[in-house]
Amino acid sequence: MSRITARFAELKTQQTKSGTRTALIPYVMTGDPSPEITLPLMHAMVEAGADIIELGAPFSDPMADGPVIQAAAERSLQHNTSLYDVFSVVAEFRQTDDKTPIVMMGYLNPIEVMGYSSFAQQAAACGIDGVITVDMPPVEAAEYVSALKSQGLDPIFLLAPTSTTERIKKLADVASGFVYYVSLKGVTGAATLDVSSVKEKVEEIRQFIDLPIGVGFGISDAQSAANVAVCADAVVVGSVIVKKMTLNNGKTTQERSIIIKEISGILSSMRKALDGL
Amino acid sequence: MTQLIDKSVKQKPAAIDYAAMPDEYGHFGIYGGVFASETLMQALDELRDAYEKIKTDKVFQKQFDLDLAHYVGRPSPLYFAERLTQQVGGAQIFLKREDLNHTGAHKINNTIGQGLLAKLMGKKRIIAETGAGQHGVASATVAARFGMECIVYMGAEDIIRQAPNVYRMKLLGAKVVAVESGSKTLKDALNEAMRDWVTNVDDTFYIIGTVAGPHPYPAMVRDFQSIIGREAKQQMQEQCACLPDALVACIGGGSNAIGLFHPFLDDDSVTMYGVEGGGLGLDSGKHAAPLCAGSPGVLHGNRTYLMEDENGQIIETHSISAGLDYPGVGPEHAWLKDIGRVNYVVATDDEALKAFHTLTRIEGIIPALESSHAVAYGMQLAATMKPEQRIIINLSGRGDKDINTIAKIEGIQL
């Protein structure tokens, strides 16, 4: 059983007032704003209540992301952050945390250039558990999926409000770990979220896919996290955290602790809201 | 990627059914495809279905032909450049005069096609990306004619380089959005247009200006632009009762080139040259020549040759011409390169600039800086050929938009 599957199974056994615990999944970009912050930030997020960590790998042309995540990628690339840097920070993280699942999220081209099987081997070896590749749809993914699965990695795919039944079914054939439902039309960091339509779509997805469903895009505070948690197995929080990376450039220990404290605060309040349901 | 490409196996071009490409999912060999986020898939499926329908729809195709004739002004002439031929002293040089189209470039062929399709699909809002501004102008033109809202995304750097075209778009009623991210050029404008499309997918039609992007764009844009080659073939037949020996066209994304080349792919006697932006020279690293000096990867929804670093990050390109300043290229060109059917070469900034002046002074035709790359290589090529041979250079656009750039380079205050 993968760390991701184990984590969701564990949460299912933990009761809250109205059900079981919802996973909290924060997203941060590796090397943003400095290479030194990522490792301590990952540990701090776990302490503040993160159940799974989504770790961004930067790409020069992040088409599906809004201005906040794009700026994060640009800051990270100023330090020449590569997939190798993602692997090494995860390997370091694993020295003291062998339980928290880590999902790498990025775009296809860096993986394509490395080669699917080489990527999968190294990702698994360093302790990554799942991979989300934004611009790799199931229809193109046969070779990619088999490379990931042969190394025990979960290929995680996105679904959108516009996803048809046909594509939901196609995804069910290849996905494992969990499914990431993009809760609104638009790019990451967009503002509004219609909870009732999210609920409707998530229920439709559940008819065809027997995997936990994480909901992301547009979750900006404890209240919206709690609203979504009613129908989701996990809430993914990105832009609202990444915004804090502009507080300073994360060069000194003191600067890093300012950013880490702010982000921990956001996650703690979300954790509390989720567990209070 | 490495496991996908075996360079030692080169298929014999003659055995290939070019008309059957791409496959159902938009693949040209290992290139092309639909590498887009799930948020765009429904829109792409809808577009593909609509395009499949109109491809063989007589009413649509008749309307398209009428618009090309009466609005664009087609057929564009195939002009024998006699003085240029004499000066070069080799093959006879013919110019396919896409510069004489309405709005001054080949781009309008495609925007008329996609504009008609947008109308048919009931879309009210058109978005487009643009580099040199020619595609932006052509999109704004079509939007004005069909009474649609038009937003054009353009890199902040290109807005400065192509000021006259920016003003033309505004006159036509389009909103021009400056893109400040990344390298502030065409690729970033494309990213931004994709984001707009994802957000406004219900009422918006995205008119991509070149043969790149996810399926069905590379095939659809090629089909709309193939009028160039079909006409050229017929005109050459009428004027000389033969096929040309060689075709030359510049390549940014590659739409004017594929438009000229595609109807000739089955004619083995016709050699083809796609001319990329050589910038300051391939050795300098400052160029826009993914086919000549790049490697395969995935960007903007398709697998193709890219300008990328060893980590798969897209690197900044350089070309004197904004329309060639793009780190990718249409996937069909990537495939045609690998199978050896088309030769891909470069012309540098300096060579293009020189050709710009030569054509202007010798033939009284001011070419776009993009097309000047084709003229530069075409002249070199013609010089190596025999007087009874014939080449067609695609004069994809006129140079009025570039006079500020040229004047600035030459230190002249307008």
Side-chain angles (χ1 to χ4, degrees), chain A residues 57-67 70-71 73-74 77 80-85 106-119 133-141 143 147 157-164 166-168 170-171 180-182 184-188 190 217, chain B residues 1-4 24-27 30 32-46 180-183 187-188 190-202 204 213-215 295-304 306-316 327-328:
Chain A
F59 183 50
S60 51
D61 293 79
M63 288 193 316
D65 285 299
Q70 175 167 32
E74 285 177 9
L77 286 173
N80 292 317
T81 308
S82 69
L83 290 179
Y84 298 106
D85 297 305
Y107 289 78
L108 182 58
N109 200 47
I111 297 174
E112 183 101 353
V113 166
M114 185 174 276
Y116 297 158
S117 57
S118 168
F119 166 79
T133 302
V134 180
D135 51 350
M136 176 55 109
V139 65
E140 297 279 0
E143 196 187 332
F157 288 93
L158 306 184
L159 282 171
T162 50
S163 298
T164 55
E166 187 196 352
R167 269 202 314 282
I168 294 172
K170 209 170 270 174
L171 191 141
Y180 187 150
Y181 177 62
V182 173
L184 44 82
K185 288 174 192 168
V187 292
T188 50
F217 282 38
Chain B
M1 213 34 234
T2 41
Q3 63 270 37
L4 288 172
E24 186 192 350
Y25 296 104
H27 297 111
I30 62 162
V34 191
F35 294 92
S37 89
E38 179 62 25
T39 47
L40 269 181
M41 289 309 245
Q42 176 57 22
L44 288 167
D45 281 356
E46 190 194 355
E180 299 281 355
S181 57
S183 59
K187 81 171 173 75
D188 309 287
L190 222 149
N191 292 336
E192 213 54 45
M194 287 276 187
R195 292 182 183 124
D196 180 316
W197 198 26
V198 169
T199 311
N200 302 294
V201 72
D202 294 332
T204 299
H215 183 62
S295 51
V298 172
L299 178 69
H300 292 152
N302 66 100
R303 184 180 283 128
T304 187
L306 298 174
M307 301 271 293
E308 59 190 344
D309 69 14
E310 71 280 8
N311 292 319
Q313 305 296 340
I314 306 307
I315 55 180
E316 291 192 12

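Just so it is clear, the model here is predicted, and its values are computed rather than measured. To find a chain, count down the sequence lines: A is the first, B the second, and so on, and within it residues start at 1.
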Are [X] and [Y] packed together at the side-chain level, in the sense that at least one heavy-atom pair is separated by less than 4.5 angstrom?
X       : Y      : value
R195(B) : Q70(A) : yes
D188(B) : D61(A) : yes
E310(B) : S82(A) : no

Have S163(A) and E38(B) got a donor and an acceptor in their side chains that come within less than 3.5 Å?
yes
Is chain B contacted by the side chain of [X], its backbone, both, or neither, given a heavy-atom distance below 4.5 Å?
X       : value
L171(A) : neither
Y84(A)  : side chain
P161(A) : neither
V139(A) : side chain
L158(A) : both

Closest heavy-atom pair and its distance - [X], [Y]:
X       : Y       : value
G297(B) : E112(A) : CA-CG, 4.3 Å
M63(A)  : G301(B) : CE-N, 4.4 Å
F59(A)  : G312(B) : CE1-O, 3.3 Å
V34(B)  : P137(A) : O-CG, 3.0 Å
V298(B) : N109(A) : N-OD1, 2.7 Å

Of the backbone (N, CA, C, O) and the side chain (C-beta and beyond), which part of [X] lies under 4.5 Å from a heavy atom of chain A, both, or neither?
X       : result
L299(B) : side chain
H300(B) : both
L190(B) : neither
N200(B) : neither

Flag, side chain of D135(A) to backbone of S37(B), donor-acceptor distance under 3.5 Å:
no
In this structure, CE of M41(B) is separated from CG of L159(A) (nearest 0.5 Å) by 11.0 Å
So does D45(B) pair up with R167(A), basic N to acidic O under 4.0 Å?
yes
Strictly below 4.0 Å, N to O, side chains only: are R303(B) and E140(A) in salt-bridge contact?
no
Run the side chain to side chain contact (heavy atoms under 4.5 Å, CB included) test on T162(A) and T39(B) for me, step by step, so that the C-alpha distance in whole Å, both residues' side-chain angles and the decisive distance to 0.1 Å come before the verdict.
CA-CA 7 Å; T162(A) 50; T39(B) 47; 5.7 Å; no
In terms of heavy-atom pairs under 4.5 Å, which option from I315(B), D202(B), D309(B) contacts chain A the most?
D202(B)
Option that, when pairs with chain A are counted at under 4.5 Å, heavy atom only, ranks first among G182(B), S295(B), A36(B)
A36(B)
